[in-house]
Amino acid sequence: MTTGDLLSLACPSSPQLAIEPLADGAVLLRGFACAEADALMAALREIIAAAPLRHMTTPGGYRMSVAMTNCGHAGWVTDRSGYRYDGLDPATQRPWPALPARFLALAGRAAAAAGFAGFVPDSCLINRYEPGARLSLHQDRNEREFGAPIVSVSLGLPAMFLFGGARRADRPRRIRLDGGDVAVWGGPARLAFHGIAPLADGVDPLTGPCRINLTLRKAL
(Lines give C-alpha, C1' and ligand atoms only; values in the text may rest on other atoms or scores of the structure.)
Protein backbone atom coordinates (compact mmCIF):
# COMPACT_ATOMS: atom_id res chain seq x y z
CA MET A 1 0.00 0.00 0.00
CA THR A 2 1.40 3.41 -0.93
CA THR A 3 1.05 6.67 0.94
CA GLY A 4 -1.47 7.81 -1.65
CA ASP A 5 -3.70 4.87 -0.74
CA LEU A 6 -4.06 6.07 2.85
CA LEU A 7 -7.18 8.14 2.30
CA SER A 8 -9.26 8.97 5.36
CA LEU A 9 -12.58 7.12 5.53
CA ALA A 10 -15.35 8.25 7.87
CA CYS A 11 -16.72 5.63 10.23
CA PRO A 12 -19.78 3.85 8.86
CA SER A 13 -23.02 4.77 10.59
CA SER A 14 -23.78 1.15 11.49
CA PRO A 15 -20.44 -0.69 11.64
CA GLN A 16 -20.40 -4.48 11.81
CA LEU A 17 -17.80 -5.95 14.10
CA ALA A 18 -15.03 -7.66 12.19
CA ILE A 19 -12.37 -9.47 14.20
CA GLU A 20 -9.06 -9.73 12.36
CA PRO A 21 -6.41 -11.96 13.98
CA LEU A 22 -2.94 -10.42 14.14
CA ALA A 23 -1.06 -13.06 16.13
CA ASP A 24 -1.63 -15.52 18.95
CA GLY A 25 -3.18 -13.23 21.60
CA ALA A 26 -3.63 -10.22 19.31
CA VAL A 27 -6.64 -9.10 17.25
CA LEU A 28 -7.87 -6.03 15.41
CA LEU A 29 -11.53 -5.09 15.99
CA ARG A 30 -12.50 -3.21 12.85
CA GLY A 31 -14.83 -0.27 13.50
CA PHE A 32 -15.36 -1.22 17.14
CA ALA A 33 -15.26 2.38 18.44
CA CYS A 34 -16.96 4.09 15.49
CA ALA A 35 -20.34 4.57 17.15
CA GLU A 36 -18.85 6.52 20.05
CA ALA A 37 -16.01 8.37 18.33
CA ASP A 38 -17.65 11.78 18.82
CA ALA A 39 -18.19 11.15 22.54
CA LEU A 40 -14.60 9.94 22.94
CA MET A 41 -13.33 13.13 21.35
CA ALA A 42 -15.52 15.27 23.62
CA ALA A 43 -14.05 13.55 26.69
CA LEU A 44 -10.58 13.88 25.22
CA ARG A 45 -10.90 17.64 24.83
CA GLU A 46 -11.56 17.96 28.57
CA ILE A 47 -8.48 15.85 29.35
CA ILE A 48 -6.24 17.92 27.09
CA ALA A 49 -7.51 21.15 28.64
CA ALA A 50 -6.28 19.92 32.03
CA ALA A 51 -3.13 18.09 30.85
CA PRO A 52 -2.01 19.58 27.51
CA LEU A 53 -0.36 17.50 24.82
CA ARG A 54 3.39 17.86 24.69
CA HIS A 55 6.42 16.46 22.82
CA MET A 56 8.41 14.49 25.38
CA THR A 57 12.15 13.86 25.27
CA THR A 58 13.70 10.39 25.21
CA PRO A 59 16.49 9.39 27.61
CA GLY A 60 18.85 9.88 24.68
CA GLY A 61 17.79 13.51 24.31
CA TYR A 62 15.60 13.14 21.22
CA ARG A 63 12.34 15.07 20.92
CA MET A 64 9.50 12.67 20.09
CA SER A 65 7.55 13.49 16.93
CA VAL A 66 4.32 12.30 18.59
CA ALA A 67 2.62 14.66 21.06
CA MET A 68 1.46 12.93 24.23
CA THR A 69 -0.56 13.26 27.41
CA ASN A 70 -2.25 10.88 29.85
CA CYS A 71 -5.24 10.24 32.05
CA GLY A 72 -5.80 7.79 34.88
CA HIS A 73 -3.99 6.90 38.09
CA ALA A 74 -0.58 7.09 36.43
CA GLY A 75 0.78 8.51 33.20
CA TRP A 76 3.59 7.25 30.98
CA VAL A 77 6.38 9.81 30.69
CA THR A 78 9.87 10.00 29.27
CA ASP A 79 12.71 12.45 29.82
CA ARG A 80 16.48 12.36 30.21
CA SER A 81 16.09 10.27 33.39
CA GLY A 82 14.26 7.43 31.64
CA TYR A 83 10.89 5.87 30.79
CA ARG A 84 8.40 5.41 33.63
CA TYR A 85 4.88 5.85 34.99
CA ASP A 86 4.27 8.85 37.24
CA GLY A 87 1.19 9.72 39.27
CA LEU A 88 1.77 13.43 38.66
CA ASP A 89 1.92 15.34 35.39
CA PRO A 90 5.51 16.69 35.27
CA ALA A 91 4.28 19.80 33.44
CA THR A 92 1.73 20.81 36.09
CA GLN A 93 2.75 18.80 39.19
CA ARG A 94 -0.91 17.84 39.52
CA PRO A 95 -2.50 14.38 39.24
CA TRP A 96 -3.44 13.34 35.74
CA PRO A 97 -7.13 13.76 34.81
CA ALA A 98 -9.33 10.83 35.75
CA LEU A 99 -10.03 8.08 33.24
CA PRO A 100 -13.47 8.82 31.76
CA ALA A 101 -16.10 6.14 32.35
CA ARG A 102 -16.56 5.91 28.57
CA PHE A 103 -12.88 5.03 28.11
CA LEU A 104 -13.10 2.35 30.80
CA ALA A 105 -16.25 0.79 29.36
CA LEU A 106 -14.89 0.73 25.81
CA ALA A 107 -11.62 -0.85 26.93
CA GLY A 108 -13.45 -3.54 28.90
CA ARG A 109 -15.73 -4.41 25.97
CA ALA A 110 -12.86 -4.50 23.48
CA ALA A 111 -10.71 -6.69 25.72
CA ALA A 112 -13.61 -9.08 26.28
CA ALA A 113 -14.26 -9.30 22.53
CA ALA A 114 -10.58 -10.22 22.11
CA GLY A 115 -10.77 -12.94 24.76
CA PHE A 116 -9.50 -10.99 27.80
CA ALA A 117 -12.50 -10.71 30.11
CA GLY A 118 -12.37 -8.53 33.22
CA PHE A 119 -9.86 -5.95 31.94
CA VAL A 120 -9.94 -2.73 33.98
CA PRO A 121 -7.24 -0.25 32.90
CA ASP A 122 -5.79 2.31 35.29
CA SER A 123 -3.92 4.40 32.72
CA CYS A 124 -4.46 5.78 29.23
CA LEU A 125 -1.64 7.17 27.12
CA ILE A 126 -2.95 9.63 24.52
CA ASN A 127 -0.91 10.17 21.35
CA ARG A 128 -1.48 12.77 18.66
CA TYR A 129 0.14 12.07 15.29
CA GLU A 130 0.48 14.88 12.76
CA PRO A 131 1.70 14.21 9.20
CA GLY A 132 5.22 12.81 9.31
CA ALA A 133 5.01 11.73 12.96
CA ARG A 134 5.94 8.14 13.70
CA LEU A 135 6.57 5.74 16.54
CA SER A 136 9.50 3.37 16.20
CA LEU A 137 9.24 -0.30 17.07
CA HIS A 138 9.06 -0.78 20.83
CA GLN A 139 7.60 -2.98 23.57
CA ASP A 140 5.17 -1.79 26.24
CA ARG A 141 7.16 -3.03 29.22
CA ASN A 142 7.11 -0.24 31.81
CA GLU A 143 3.99 -1.71 33.42
CA ARG A 144 4.41 -3.63 36.69
CA GLU A 145 2.95 -6.89 35.34
CA PHE A 146 2.13 -8.19 31.91
CA GLY A 147 -0.96 -10.28 32.64
CA ALA A 148 -3.36 -7.62 31.33
CA PRO A 149 -3.69 -6.78 27.62
CA ILE A 150 -3.08 -3.50 25.82
CA VAL A 151 -6.15 -1.88 24.22
CA SER A 152 -5.34 0.66 21.50
CA VAL A 153 -8.09 2.86 20.01
CA SER A 154 -7.60 4.73 16.71
CA LEU A 155 -9.41 8.00 15.94
CA GLY A 156 -9.04 10.23 12.89
CA LEU A 157 -6.60 9.82 10.05
CA PRO A 158 -5.60 6.30 8.98
CA ALA A 159 -2.18 4.98 9.91
CA MET A 160 0.05 2.05 9.10
CA PHE A 161 0.43 -0.13 12.19
CA LEU A 162 3.64 -2.14 12.45
CA PHE A 163 3.12 -5.30 14.50
CA GLY A 164 6.08 -7.59 15.02
CA GLY A 165 7.20 -10.39 17.29
CA ALA A 166 9.04 -10.84 20.55
CA ARG A 167 12.34 -9.67 19.05
CA ARG A 168 13.07 -6.30 17.51
CA ALA A 169 14.64 -8.11 14.56
CA ASP A 170 11.36 -9.89 13.74
CA ARG A 171 9.91 -8.39 10.58
CA PRO A 172 6.64 -6.60 11.48
CA ARG A 173 3.35 -6.90 9.63
CA ARG A 174 1.99 -3.68 8.13
CA ILE A 175 -1.70 -3.22 8.95
CA ARG A 176 -3.83 -0.24 8.05
CA LEU A 177 -5.71 1.29 10.98
CA ASP A 178 -8.77 3.45 10.29
CA GLY A 179 -10.62 5.70 12.70
CA GLY A 180 -12.75 3.56 15.01
CA ASP A 181 -10.50 0.49 14.83
CA VAL A 182 -9.36 -1.04 18.12
CA ALA A 183 -6.30 -3.29 18.45
CA VAL A 184 -5.93 -5.58 21.46
CA TRP A 185 -2.89 -7.65 22.32
CA GLY A 186 -2.04 -9.71 25.39
CA GLY A 187 -1.07 -13.20 26.48
CA PRO A 188 1.62 -14.56 24.12
CA ALA A 189 1.62 -11.26 22.20
CA ARG A 190 1.78 -8.92 25.21
CA LEU A 191 5.43 -7.97 24.62
CA ALA A 192 5.27 -7.87 20.82
CA PHE A 193 7.26 -5.07 19.22
CA HIS A 194 4.98 -2.56 17.50
CA GLY A 195 5.00 0.96 16.08
CA ILE A 196 3.44 3.40 13.63
CA ALA A 197 4.89 4.30 10.23
CA PRO A 198 5.16 8.03 9.37
CA LEU A 199 1.64 9.45 9.13
CA ALA A 200 0.50 10.54 5.66
CA ASP A 201 -1.08 13.92 4.94
CA GLY A 202 -4.84 14.14 5.19
CA VAL A 203 -7.82 15.72 6.90
CA ASP A 204 -10.35 13.74 8.91
CA PRO A 205 -13.89 14.99 9.67
CA LEU A 206 -13.44 14.18 13.36
CA THR A 207 -9.85 15.11 14.19
CA GLY A 208 -8.75 17.38 11.34
CA PRO A 209 -5.17 16.94 10.08
CA CYS A 210 -4.10 14.40 12.69
CA ARG A 211 -4.61 10.95 14.20
CA ILE A 212 -5.40 10.33 17.86
CA ASN A 213 -4.53 7.08 19.61
CA LEU A 214 -5.78 6.04 23.04
CA THR A 215 -3.72 3.26 24.58
CA LEU A 216 -5.28 1.80 27.69
CA ARG A 217 -3.17 -0.28 30.06
CA LYS A 218 -2.96 -1.77 33.53
CA ALA A 219 0.13 0.11 34.68
CA LEU A 220 0.14 -0.26 38.45
Side-chain angles (χ1 to χ4, degrees), residues 33 36-107 119-146 148-157 159 161 177 179 182-183 194-199 203-204 206-220:
E36 51 193 306
D38 288 337
L40 293 172
M41 285 298 298
L44 183 59
R45 284 189 284 271
E46 294 186 11
I47 293 167
I48 293 172
L53 290 156
R54 77 292 305 261
H55 292 272
M56 298 185 193
T57 302
T58 69
Y62 295 99
R63 178 181 183 269
M64 297 188 71
S65 63
V66 178
M68 299 178 170
T69 190
N70 296 272
C71 62
H73 293 301
W76 186 88
V77 296
T78 174
D79 54 27
R80 295 302 292 264
S81 65
Y83 305 114
R84 64 193 182 280
Y85 281 96
D86 197 320
L88 299 179
D89 180 348
T92 66
Q93 290 304 307
R94 296 194 299 267
W96 298 99
L99 258 169
R102 188 173 293 274
F103 285 22
L104 288 166
L106 174 63
F119 175 57
V120 181
D122 57 19
S123 176
C124 178
L125 173 61
I126 298 159
N127 294 337
R128 182 190 67 196
Y129 294 80
E130 296 179 326
R134 61 187 292 271
L135 201 59
S136 59
L137 287 174
H138 66 282
Q139 295 171 300
D140 291 335
R141 59 180 312 122
N142 298 121
E143 298 73 31
R144 290 186 180 176
E145 54 90 16
F146 304 134
I150 301 292
V151 175
S152 179
V153 182
S154 293
L155 299 170
L157 288 177
F161 185 41
L177 297 178
V182 180
H194 58 282
I196 294 289
L199 192 73
V203 176
D204 184 85
L206 181 67
T207 61
C210 69
R211 171 184 183 258
I212 300 291
N213 179 236
L214 312 176
T215 309
L216 295 117
R217 306 105 179 273
K218 182 71 174 172
L220 302 179

- [ ] Can you tell me which residue pairs pass the side-chain hydrogen bond (donor to acceptor under 3.5 Å, both in side chains) test with a partner in residues 208-220, sequence neighbours excluded?
- [x] Y85-R217, E143-R217, S152-N213, S154-R211, N213-T215
Task: ring pair (Phe, Tyr, Trp, His ring centres under 6.0 Å) involving F103 - partner list, sequence neighbours excluded - done: none
Task: Rounded distance [0.5 Å steps], CG in D122 versus CG in L220 - done: 4.5 Å
Open item on the list: Minimum heavy-atom separation for A37 and L155, please, with both atom names.
Closed with: CB-CD2, 4.0 Å
Task: A33 versus L40, closest heavy-atom pair with distance - done: CB-CD1, 4.2 Å
Task: Considering all heavy atoms, the nearest F161-G195 contact - done: CD1-O, 3.4 Å
Task: Nearest atoms (heavy-atom pairs only) where L199 meets A159 - done: CD1-CB, 3.9 Å
Task: Interatomic spacing from CZ in F119 to CD1 in I150 - rounded to 0.5 Å - done: 6.5 Å
TODO: Using atom types as modelled and distance alone, determine if a side-chain donor or acceptor of R80 lies under 3.5 Å from a backbone N or O of P59.
DONE: yes
Open item on the list: For a 4.5 angstrom cut-off between non-hydrogen side-chain atoms, does L216 reach L99?
Closed with: yes
- [ ] State, with a plain yes or no, whether a side-chain heavy atom of R84 is found less than 4.5 Å away from one of V77.
- [x] yes
Open item on the list: Would you say that R128 contacts H55 through its side chain, given a criterion of any heavy-atom pair below 4.5 Å between the two side chains?
Closed with: yes
Open item on the list: Quick check against the 3.5 Å criterion: does T78 have a side-chain atom that pairs as donor or acceptor with the backbone of T57?
Closed with: yes
TODO: Apply ring pair (Phe, Tyr, Trp, His ring centres under 6.0 Å) to H138 and list each qualifying residue two or more places apart in sequence or on a separate chain.
DONE: H194
TODO: First locate atom CG of L137, then atom CD1 of I196, and finally report the distance between them rounded to the nearest 0.5 Å.
DONE: 10.0 Å
TODO: Measure the spacing between CG of D79 and CG of D86 and express it to the nearest 0.5 Å.
DONE: 9.0 Å
- [ ] Can you sort out the partners of F146 under ring pair (Phe, Tyr, Trp, His ring centres under 6.0 Å), two or more places apart, ordered by chain and number?
- [x] none
Task: salt bridge (charged side-chain N to carboxylate O under 4.0 Å, His left out) partners of E46, counting only residues at least two apart - done: none
Open item on the list: Do L106 and L214 have side chains that approach each other closer than 4.5 Å (heavy atoms only, starting at C-beta)?
Closed with: no
TODO: Enter the distance from L88:CG to N70:CG here, rounded to the nearest 0.5 Å.
DONE: 12.0 Å
Task: N127 and M68, any side-chain heavy atoms less than 4.5 Å apart - done: yes
Open item on the list: For T69, give me all partners under side chain to side chain donor-acceptor pair (under 3.5 Å), at least two apart in sequence or on another chain.
Closed with: none
- [ ] Please report the closest heavy-atom contact between S123 and A74, naming both atoms and the distance.
- [x] OG-O, 2.7 Å
Open item on the list: Please find the pair of heavy atoms, one from A39 and one from R102, that lie closest to each other, and give the distance.
Closed with: CB-NE, 3.3 Å
Task: Heavy-atom donor-acceptor pair, D89 side chain to A51 backbone, under 3.5 Å - done: no
Open item on the list: Using 0.5 Å steps for rounding, measure from the CG atom of D204 to the CG atom of L157.
Closed with: 5.5 Å
